[in-house]
Student: 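This is the structure I have questions about; it appears just below.
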Amino acid sequence: MKKIVVALGGNAILTAGEKATFENQYNSVTKASKFLAKIIKAGNKLVISHGNGPQVGNLVLQNEIAAATIPEFPIYALTAETQGSIGFILEENLNNTFIQEGMEKNIVTLLTRVEVSSTDEAFKDPTKPIGRFYNEEEYKEILAEGRFPIKQDSNRGYRRVVYSPKPQKILNAEIVNSLVEDGNVVIATGGGGIPVVREDGIYKGIDAVIDKDLTSSKLAESIDADILMILTDVENVYLNYGQENEKKLDIVKVAELEAYVKEGHFSSGSMLPKVLAAIEFAKGGKESYICSLNKANETLEGRSGTKIIL
Ligand code: ADP
Ligand code: MG
């Protein structure tokens, strides 16, 4: 029996190009739940963390549009909201999947704050994409009006970017651990966690978005998990991704992967944080996987995905 932390990509909740209705997100998670349930059925203990890029981006936009009537909330509070809404969608779908498959499992969603450092270098340059994609024309307009920082995202268009400091400490990690050790499925650190800084001993939310892959790695380390699985919409990590000479990585050692990072094979904001998160966890002598949600079980059986080891 392995203790596994899975990081569920935003694509599993909202497919790119799909309308962000509640129903669409709910239905996507219904499908994702079948794959997550398989991991548990195979006899593993599971902690689920998830992205919130599109969702928190939409909330930011909703707040912007409604600002004349309803005061805007800080982004960290909106991340807390998405932990609740996405957590609910995941929890209910998993619960129903367990019922349908005759599995006796409790599942619980925890609001999770994650401590970051106020002196993190990341506060000098916003890098984390959130929200919808903007086209070239909109991009130029937003830049001209100086509305918010915006950058290109993996050749798929332009997106708003926010500060993305490193996760330093998962608050309540002991509680996540005792719940999962007791056989419960735990949903925690959604959206990378609610970022807080500690000043004069006091915690305070800070406007940033922590990368969910890095947070998941930190969480996996904090609860002494055996495996970190980063579940996304591609089956493998590739070298020269999207080019004619692209090459799939099956099993890769940390040192080798670090060299590929230096060679610039992974886009920041998408594959790079996954690779860095996987490296970080594997450095502790544990296994990291980057794989497709639909092939999570095949990956655990060594038949799919990219495996990262020390
Ligand atoms: P998630 O929502 O699961 O976090 P992302 O969109 O952030 O997913 O990251 C996955 C995407 O990373 C893939 O769909 C792919 O387009 C992109 N990508 C960038 N570089 C690579 C690479 N070297 N190998 C595989 N995928 C890559
Ligand atoms: Mg992502």
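Just follow the structure's listing: the first ligand is 1, and inside any ligand the first atom is 1. The basis for the numbers below is simple: all heavy atoms, side chains too, and nothing from hydrogens, waters or symmetry mates.
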Student: Same cluster or not: Leu14 versus Leu36, using hydrophobic residues (I, L, V, M, F, W, Y) connected whenever any side-chain heavy atoms lie under 4.5 Å apart?
Tutor: no

Student: Would you say ligand 1 has an N or O under 3.5 Å from any N or O of Asp233?
Tutor: yes

Student: Which option wins on minimum heavy-atom distance to atom 5 (P) of ligand 1: Ser292, Ser270, Gly242?
Tutor: Ser270

Student: Relative to the heavy atoms of Phe266, which atoms of ligand 1 are at a distance of less than 4.0 Å?
Tutor: 23 (N)

Student: Within the 4.0 Å heavy-atom shell around Lys274, which atoms of ligand 1 are there?
Tutor: 1 (P), 3 (O), 4 (O), 7 (O), 8 (O), 9 (O), 10 (C)

Student: Yes or no: does Ser267 have any heavy atom under 4.0 Å from an atom of ligand 1?
Tutor: yes

Student: Are any of the side-chain heavy atoms of Ser28 and Glu18 separated by less than 4.5 Å?
Tutor: yes

Student: Which atoms of ligand 1 sit under 4.0 Å from any heavy atom of Lys212?
Tutor: 4 (O)

Student: Just wondering, do Leu249 and Tyr238 contact through their side chains at under 4.5 Å, heavy atoms?
Tutor: no

Student: Tell me the nearest of Val234, Thr232, Leu293 to atom 3 (O) of ligand 1, using heavy-atom distances.
Tutor: Thr232

Student: Is the closest basic N to carboxylate O distance between Glu287 and Lys307 below 4.0 Å?
Tutor: yes

Student: Look at ligand 1 and say whether Glu246 reaches it with a heavy atom at a distance under 4.0 Å.
Tutor: no

Student: If you measure from the Lys or Arg side-chain nitrogens to the Asp or Glu carboxylate oxygens, is any gap between Glu64 and Arg160 under 4.0 Å?
Tutor: yes

Student: Could you tell me whether Glu181 and Lys3 make a salt bridge, using a distance below 4.0 angstrom between a side-chain N and a carboxylate O?
Tutor: yes

Student: Are Tyr139 and Tyr134 an aromatic pair by the rule of ring centers under 6.0 Å?
Tutor: no

Student: Side chain, backbone, both or neither: which part of His265 has a heavy atom under 4.0 Å from ligand 1?
Tutor: backbone

Student: Salt-bridged, Glu256 to Lys253, with N to O below 4.0 Å?
Tutor: no

Student: Using a 4.0 Å cut-off to any heavy atom of Asn11, which atoms of ligand 1 qualify?
Tutor: 1 (P), 2 (O), 3 (O), 6 (O), 8 (O)

Student: Can a non-hydrogen atom of Asn236 be found less than 4.0 Å from any atom of ligand 1?
Tutor: yes

Student: With nothing but distance in play, are any N or O atoms of Gly10 less than 3.5 Å from an N or O of ligand 1?
Tutor: yes

